[in-house]
Amino acid sequence: MSYGGDHARSQHYKTREREPGGGCCLAQLIKIPVLIVVLPLRLLWDALCWIGRHVLAPVGRWVYRWLLAPVGRAIAWLINYLIVVPLVFLIKYLIVVPAIWIFRWILTPIGHALAWLAYHLLVVPVRWCYRWILTPIGHALAWLAYHLLVVPAKALWEYLLWPVLRAVGAAVAWAWRIAGYVSRAVGRGIAALWRWLVVAPLRWVYRWILTPVGHAIRAVLWPPVRAALSVARTAAREVRQALFG
């Protein structure tokens, strides 16, 4: 028995802990006013749900099954047999059938007649004109163009222009080759004059004047300059050691 009572008390405590604001005095005080306000709303909501589920839904199903569905089917039947069927009949026998008849018995024969006329009045004369007039004229013009233009132009090219161009080309090639020989001879002469008038004197001046003078200057000036550079390096080393250790 004690175990059952402890279990009930633990369930009661858990239920109280799960309630919102269960352990707050203010929440305990406002529970009753909130219940007074919420209870009518909940009763009204439950009543509306019950009415919708047990009254409105069966009535709606009955109205749809025994009133709206038969009326809709009757209206669809009336529209089909009073509007659609007569309209289809009128379109078929007032538009489609006359159009087919006109196309078959009027337009098709007219088309065949126009095609026959176009063939015998246009195609046949044009073909005859092309075969017996234009083709001979074209052959005659081609023959005249060949013998009056192509043959003279070919003879002019073969017996006059080509020999002249070939002779001019040979002369230009010969002149270019001779000019090459002359150019090389002139180049060798200029190179010899440059070598004897410029290079040889400069080489002699460099060998017998500038080189001895340079050696003398180096022998006289280089030892003092080297000593001064040595002293400068030593002084710079001492200053660096004095500044940086």
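All residue numbers in this chain count up from 1 along the given sequence. Every value quoted in this text rests on a predicted model; they were computed, and no experiment measured them.
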Same cluster or not: are L82 and V85 linked, directly or through other Ile, Leu, Val, Met, Phe, Trp or Tyr residues, by side-chain heavy atoms under 4.5 angstrom apart?
-> yes
So, H147 side chain and W143 main chain: donor-acceptor pair closer than 3.5 Å or not?
-> yes
Which heavy-atom pair separates W204 from I209 by the least distance, and what is that distance?
-> CZ3-CD1, 3.8 Å
In terms of heavy-atom contacts, W101 and I106 come closest through CZ3-CD1, 3.7 Å
Do any N or O atoms from the side chain of S183 and from the backbone of A179 form a donor-acceptor pair under 3.5 angstrom?
-> no
Are V213 and L202 connected in a single hydrophobic cluster, I mean Ile/Leu/Val/Met/Phe/Trp/Tyr linked by side-chain heavy atoms less than 4.5 Å apart?
-> no
List the steps and the verdict of side chain to side chain contact (heavy atoms under 4.5 Å, CB included) for L94 and F89.
-> CA-CA 8 Å; L94 293 181; F89 178 83; over 6 Å; no
Residue pair H215 / P212, side-chain heavy-atom distance below 4.5 Å | no
Transitive ILVMFWY side-chain link Y81 to L78, under 4.5 Å = yes
Test W50 against V55 for side chain to side chain contact (heavy atoms under 4.5 Å, CB included), laying out the working first.
-> CA-CA 8 Å; W50 187 87; V55 176; 4.1 Å; yes
Honestly curious: do V164 and W162 fall in one hydrophobic cluster under the side-chain, below-4.5 Å linking rule?
-> yes
Single-linkage hydrophobic cluster, 4.5 Å side-chain cutoff, L114 and W105 together | yes
Side-chain heavy-atom pair S230, R233 within 4.5 angstrom cut-off = yes
